[in-house]
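Structure record follows, encoded as structure tokens.
Quick note on labels: first sequence line is chain A, next is B, and so on, each numbered from 1.
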Amino acid sequence: MRLKDKVAFISGSARGMGAVEARLFAEEGAAVMVSDVNVESGKRVAAEIAKAGGKADFVELDVTNEGEWKAAIGETERRFGRVDILVNNAGIFVATVIEKTPEEEWDRLMDINGKGVFLGTKHAIPAMRRAGGGAIVNISSGAGIVGNKMEGAYTATKGAVRLFTKSAALQGAKDGIRVNSVHPGTIDTEMVASLLADKEYHRWVKTMIPLGRVGKAEEVAKLVLFLASDDASYTTGAEFVIDGGYTAG
Amino acid sequence: MRLKDKVALITGGARGMGAAEARLFAKEGAAVMLSDVNVEGGKKVVAEITKKGGKAAFIKQDVTREEEWKAAIAETERRFGRLDILINNAGIFVTTVIEKTPEEEWDRLMDINGKGVFFGVKHAIPAIRRAGGGSIVNISSTAGIVGNTLEGAYTATKGAVRLFTKGAALQGAKDGIRVNSVHPGAIDTEMVAFLVDDKKHRKELEARIPLGRLGTAEEVAKVVLFLASDDAAYVTGAEFVVDGGYTAQ
């Protein structure tokens with residue numbers, strides 16, 4: 001049990017990578033606060049975990065709303081006594097070339113993917129200080145490492161998360177709060193269902209991703225688990241790529 | 001047991017991080033072939049592991065000699081039946097400013113830290129292919145991420161390992177061979193004892209590290225374990241920094 005007696009807050013955990021992280025963390029002994037704007041699915045994930053003998057609860061959270069972050073962290077401390085781990089997993093994906101991107105799309109992407117991480121970190125730090133330290137894992141993307149032809153705003157938000165993570169690490173260090181970013185390539189989740197529905201994309205995957213396949217949410221969750229656990233006790237401010245080798249070449 | 005039934009070859013395993021990796025890998029179920037030029041130290045680590053019920057053997061190996069690489073890999077296959085994991089850990093550390101570095105020092109550093117990794121990958125790839133896939137972890141350094149005012153040749157060797165790893169990852173992918181680099185910051189081992197045994201210097205160094213302390217060999221070993229294990233199945237060609245936040249600033 002690699003997260004025995006830890007309390008973890010995971011944003012965007014009603015589905016996809018967040019839901020898998022929630023299940024894995026609970027299996028590893030953590031009490032998990034599932035959060036999402038999608039109440040029905042989020043509650044279902046928490047119920048599944050509880051049914052399997054794990055500890056979990058759900059709180060509704062729009063990550064762009066500071067008041068809701070305060071309430072969600074407060075609720076986690078009330079329910080489980082503390083916050084040791086925050087996974088800033090909530091995010092949206094939109095692929096639009098730069099010259100066709102409306103200002104509203106930039107704002108929406110930056111609000112959810114960027115400001116959401118900022119607000120989470122801002123309000124988790126004092127809670128983790130109260131808990132005597134902790135770990136924050138920010139889910140960036142391969143699109144926070146290299147650019148691409150199909151997107152502009154999305155890559156900007158993920159680049160923002162990559163560097164924000166490093167400053168957060170420097171500011172959390174004195175309180176024993178580690179902050180790292182994870183950079184998944186294409187992972188088989190609902191978020192990129194539109195991509196994965198395209199046959200052409202699968203041909204691209206075979207030729208362009210060295211391991212020849214997209215990744216699984218379970219594979220990302222294991223990396224996030226590593227960073228959230230005490231196994232990563234000397235790791236902070238670092239970026240962890242999990243992309244089947246895509247950005248290596 | 002995260003490495004159950006796996007066979008690992010670890011170079012430079014007589015002391016420091018290599019020895020910590022060997023102990024941890026054996027505890028996690030791997031059969032470990034430990035190699036080093038230091039025969040006495042290497043045999044001692046092996047004896048410790050076997051005494052605790054682990055599986056390990058020692059072979060003397062100078063990583064700069066291609067013939068000895070062939071022999072080490074063949075001996076691993078003969079003794080344990082296969083090779084799944086190679087940790088290119090052997091390395092030396094010398095701090096000399098560029099303008100005072102003799103050509104011989106450059107050559108020696110590049111031979112051990114650079115060519116040693118090249119030979120290891122070259123001869124491990126066919127063996128790991130025979131085993132049906134596996135994982136190679138190359139120990140680079142934060143000196144492969146950022147430069148510093150005290151060294152030139154050492155950083156060049158570690159930069160070489162960083163990028164060589166990516167090429168190796170691309171070439172190993174089709175055979176299910178993952179190749180990643182690990183970048184430790186200041187780790188409290190014998191290799192850097194000449195620097196950190198001086199209390200004043202250690203204090204100065206610690207002051208520059210966000211987490212405020214040197215890392216331990218065990219903390220690096222846990223990162224290496226993650227990459228060596230199937231938990232990292234979708235991770236290849238990536239660089240994993242473990243430096244207490246040093247390069248985040």
Measure [X] against the heavy atoms of chain B and call it side chain, backbone, both or neither at under 4.5 Å.
{"X": "A:Ile145", "answer": "neither"}
{"X": "A:Gln171", "answer": "neither"}
{"X": "A:Ile209", "answer": "side chain"}

Measure [X] against the heavy atoms of chain A and call it side chain, backbone, both or neither at under 4.5 Å.
{"X": "B:Glu218", "result": "neither"}
{"X": "B:Phe226", "result": "side chain"}
{"X": "B:Leu225", "result": "neither"}
{"X": "B:Ala233", "result": "both"}
{"X": "B:Ile209", "result": "side chain"}

Which atom names give the shortest non-hydrogen contact between [X] and [Y], and what distance separates them?
{"X": "A:Phe226", "Y": "B:Lys222", "answer": "CE1-O, 3.6 Å"}
{"X": "B:Val241", "Y": "A:Thr235", "answer": "O-CG2, 3.7 Å"}
{"X": "B:Tyr234", "Y": "A:Arg213", "answer": "OH-O, 2.6 Å"}
{"X": "B:Ala173", "Y": "A:Pro210", "answer": "CB-O, 3.1 Å"}
{"X": "B:Ala238", "Y": "A:Val241", "answer": "CB-O, 3.6 Å"}

Which one of [options] has the most heavy-atom pairs closer than 4.5 Å to chain B?
{"options": "A:Val179, A:Ile242, A:Ile187, A:Thr247", "value": "A:Ile242"}
{"options": "A:Gly245, A:Gly244, A:Ala221, A:Ser167", "value": "A:Gly244"}
{"options": "A:Arg2, A:Arg178, A:Glu218", "value": "A:Arg2"}

In Å and rounded to the nearest 0.5 Å, what is the [atom1] to [atom2] distance from [X] to [Y]?
{"X": "B:Leu170", "Y": "A:Leu211", "atom1": "CG", "atom2": "CG", "value": "10.0 Å"}
{"X": "B:Thr247", "Y": "A:Lys166", "atom1": "OG1", "atom2": "NZ", "value": "6.0 Å"}
{"X": "A:Asp243", "Y": "B:Thr236", "atom1": "CG", "atom2": "OG1", "value": "8.5 Å"}

Residue selection (most heavy-atom pairs with chain A, distance under 4.5 Å) from B:Gly176, B:Gly244, B:Ala221, B:Pro210: B:Gly244
Most contacts with chain A, counted as non-hydrogen pairs under 4.5 angstrom, among B:Thr165, B:Leu214, B:Ile145: B:Leu214
Flag if over 12 foreign heavy atoms under 6.0 Å of NZ, B:Lys52: no
Residue pair A:Tyr234, B:Val220: steps toward the side-chain contact (heavy atoms from CB on, under 4.5 Å) verdict: CA-CA 8 Å; A:Tyr234 200 55; B:Val220 177; 5.9 Å; no
